[in-house]
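Being a predicted model, the structure only gives us computed values, none of them experimental. Chain naming here is simple, since letters A, B, ... match the order of the sequence lines and numbering starts at 1 in each.
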2 protein chains.
Amino acid sequence: MKKIDENTLYDTAELFKNFSDSTRIRILYCLFEKERSVTEIAELLKMNQSAISHQLRFLKNSKLVKNRRDGKTIYYSLDDDHVYNIISQGIEHVQE
Amino acid sequence: MKKIDENTLYDTAELFKNFSDSTRIRILYCLFEKERSVTEIAELLKMNQSAISHQLRFLKNSKLVKNRRDGKTIYYSLDDDHVYNIISQGIEHVQE
DNA sequence: TGAACATATGAACATTTGTTCATATGTATT
DNA sequence: AATACATATGAACAAATGTTCATATGTTCA
């Protein structure tokens, strides 16, 4: 790794902020397997739809998830290969 | 990666919380190179000693840094190989 | 022992964050 | 067009967070 400027570190903190909340990390984790609708995610996490929607927007702004519409339903999925890797590494660390 | 329980995901979020604040990630990053005293870190980051001390305690509780005393001075250093890897991967992601 | 230095800590405060509630938007079906 | 369903969004609120200030603790050296 080469020398890093301050802005890069700020941006890196922003990236990790996505993974620092248990709701968001659980959302991302349940997208590991496959794309899911908002309702589906809300049911899986036993949280209300609004909370999930707000967090999905957060993740979307950070370009970590993408979505597609199919009729009334909007499916979310991971938008970034690194997400899987970074979270997996975090999980492995915790599991040791 | 095998199936994960809820607690593991909570703990993983806790781990990432360490990296989600720019002060903490800058502290960790400046420890990449070598161990440093509290005063030294405060000067590098242009922040007051108290703020750094509080964040170091946070990082110490999470077992991400360790310290040793040499006379009046206390030197902090990284306590975990994974820290370097996870942050590096985050930085690489941001730099793309 | 007393002064100077390095670090830690508690309290207070402002800011940020995550959730809920109510409601708006968009789509499909009848 | 009206209704039902899926999702998004704004406002309000409580809780968590990060910093500062003041001060305490611990160490060294004269």
Side-chain angles (χ1 to χ4, degrees), chain A residues 6 9-31 34-79, chain B residues 6 9-31 34-79:
Chain A
E6 288 283 280
L9 288 174
Y10 279 102
D11 293 346
T12 305
E14 286 301 307
L15 171 68
F16 284 124
K17 204 166 284 181
N18 286 286
F19 312 139
S20 71
D21 173 74
S22 70
T23 298
R24 283 193 297 275
I25 207 167
R26 286 186 300 148
I27 290 175
L28 291 168
Y29 182 70
C30 83
L31 297 178
K34 59 168 191 273
E35 65 174 10
R36 296 186 194 273
S37 71
V38 179
T39 303
E40 202 178 346
I41 297 170
E43 284 166 357
L44 277 168
L45 305 201
K46 296 188 185 64
M47 292 181 64
N48 76 52
Q49 173 268 319
S50 182
I52 299 299
S53 228
H54 280 296
Q55 297 299 349
L56 282 170
R57 182 169 52 168
F58 187 110
L59 294 169
K60 184 124 189 295
N61 287 339
S62 304
K63 302 247 195 314
L64 299 184
V65 301
K66 60 179 189 280
N67 58 18
R68 71 178 180 87
R69 176 182 281 279
D70 179 12
K72 285 178 293 192
T73 305
I74 296 184
Y75 291 97
Y76 281 83
S77 56
L78 299 182
D79 190 23
Chain B
E6 288 282 281
L9 288 174
Y10 279 102
D11 293 346
T12 306
E14 286 302 306
L15 171 68
F16 284 125
K17 202 166 286 181
N18 288 285
F19 312 139
S20 70
D21 172 74
S22 69
T23 298
R24 282 193 296 274
I25 206 167
R26 286 185 302 147
I27 290 175
L28 291 168
Y29 181 71
C30 84
L31 297 179
K34 59 168 190 277
E35 65 173 11
R36 295 184 194 276
S37 72
V38 179
T39 304
E40 202 178 347
I41 297 171
E43 284 166 358
L44 276 169
L45 306 201
K46 297 185 184 63
M47 291 182 64
N48 74 52
Q49 174 266 321
S50 182
I52 300 299
S53 226
H54 280 296
Q55 296 300 349
L56 282 170
R57 181 169 54 168
F58 188 109
L59 294 169
K60 185 128 189 295
N61 286 340
S62 303
K63 302 247 196 316
L64 299 183
V65 300
K66 60 178 187 279
N67 58 18
R68 70 178 182 90
R69 177 182 282 278
D70 178 13
K72 285 178 292 192
T73 305
I74 296 183
Y75 290 99
Y76 280 82
S77 56
L78 299 182
D79 189 23

From [atom1] of [X] over to [atom2] of [N], roughly how many Å is that when rounded to an integer?
X: B:Leu56; N: C:dT7; atom1: CG; atom2: P; result: 10 Å
X: A:Glu43; N: D:dC5; atom1: CD; atom2: P; result: 14 Å
X: A:Asn48; N: C:dT23; atom1: CG; atom2: P; result: 16 Å
X: A:Ile25; N: C:dG18; atom1: CD1; atom2: P; result: 13 Å
X: A:Arg26; N: C:dT19; atom1: CZ; atom2: P; result: 8 Å
X: A:Met47; N: D:dT7; atom1: CE; atom2: P; result: 16 Å
X: B:Lys17; N: D:dA15; atom1: NZ; atom2: P; result: 16 Å
X: B:Asn18; N: D:dG18; atom1: CG; atom2: C1'; result: 14 Å

*Would you say the side-chain atoms of A:Asp70 pair up with the backbone N or O of A:Thr73, donor to acceptor, closer than 3.5 Å?*
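No; judged by distance alone, with no hydrogens or angles, the pair does not exist.
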
*For B:Glu6, does its backbone N or O pair with a side-chain atom of A:Arg26 as donor and acceptor, under 3.5 Å?*
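No, A:Arg26 side chain to B:Glu6 backbone: no donor-acceptor pair under 3.5 Å.
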
*Could you check which nucleotide pairs with D:dT20 in any of the strands shown, counting Watson-Crick or G-U wobble with both distances under 3.5 Å?*
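Answer to the pairing question: C:dA11, which forms a Watson-Crick or G-U pair with D:dT20.
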
[X] side chain near [N] phosphate (N/O to OP1/OP2, under 4.0 Å):
X: B:Tyr76; N: C:dA6; answer: no
X: A:Arg24; N: C:dG18; answer: yes
X: B:Lys72; N: D:dT25; answer: no
X: B:Lys60; N: C:dA8; answer: no
X: B:Arg57; N: C:dA8; answer: no
X: B:Thr39; N: C:dT7; answer: yes
X: B:Gln49; N: C:dC5; answer: no
X: B:Thr73; N: D:dT27; answer: no
X: A:Gln55; N: C:dT17; answer: no

*For A:Ile52 and for B:Ile74, find the nucleotide of DNA chain C with the closest heavy atom, then tell me which residue's nucleotide is more 5'.*
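Going by which nucleotide is closer to the 5' end, it is B:Ile74.
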
*Measure from the side chain of A:Asn67, starting at C-beta and using heavy atoms only, and say which of D:dG26, D:dA8, C:dT20 lies closest.*
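From the listed options, D:dA8 comes nearest.
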
_Side chain of B:Ser53 - closest among D:dT9, D:dT20, C:dT9_ =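 So the side chain of B:Ser53 is nearest to C:dT9.
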
*Answer yes or no for A:Arg24 and A:Phe58: cation-pi contact, defined as NZ/CZ to six-membered ring centre under 6.0 Å and angle to ring axis within 45°.*
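A:Arg24 over A:Phe58 ring: yes.
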
_Regarding D:dT17, can its base be found pairing with the side chain of B:His54 as donor and acceptor, where the two atoms are less than 3.5 Å apart?_
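Side chain to base: no pair present.
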
*Look at the side chain of B:Ser50 and the base of C:dT9, then say whether one donor and one acceptor between them are separated by less than 3.5 Å.*
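Result: at least one qualifying N/O pair found.
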
*Quick one: side-chain hydrogen bond (donor to acceptor under 3.5 Å, both in side chains) partners of A:Glu14, sequence neighbours excluded?*
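side-chain hydrogen bond (donor to acceptor under 3.5 Å, both in side chains) list for A:Glu14, sorted by chain: A:Lys17.
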
*Per the side chain to side chain contact (heavy atoms under 4.5 Å, CB included) rule, which among B:Leu28, B:Val38, B:Leu59 passes with B:Tyr76?*
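Only match with B:Tyr76 under side chain to side chain contact (heavy atoms under 4.5 Å, CB included): B:Val38.
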
*With B:Phe16, which residues qualify under ring-ring contact (aromatic ring centres under 6.0 Å, His included), at least two apart?*
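Counting only residues at least two positions away or on another chain, B:Phe16 forms a ring-ring contact (aromatic ring centres under 6.0 Å, His included) with A:Phe16, A:Phe19.
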
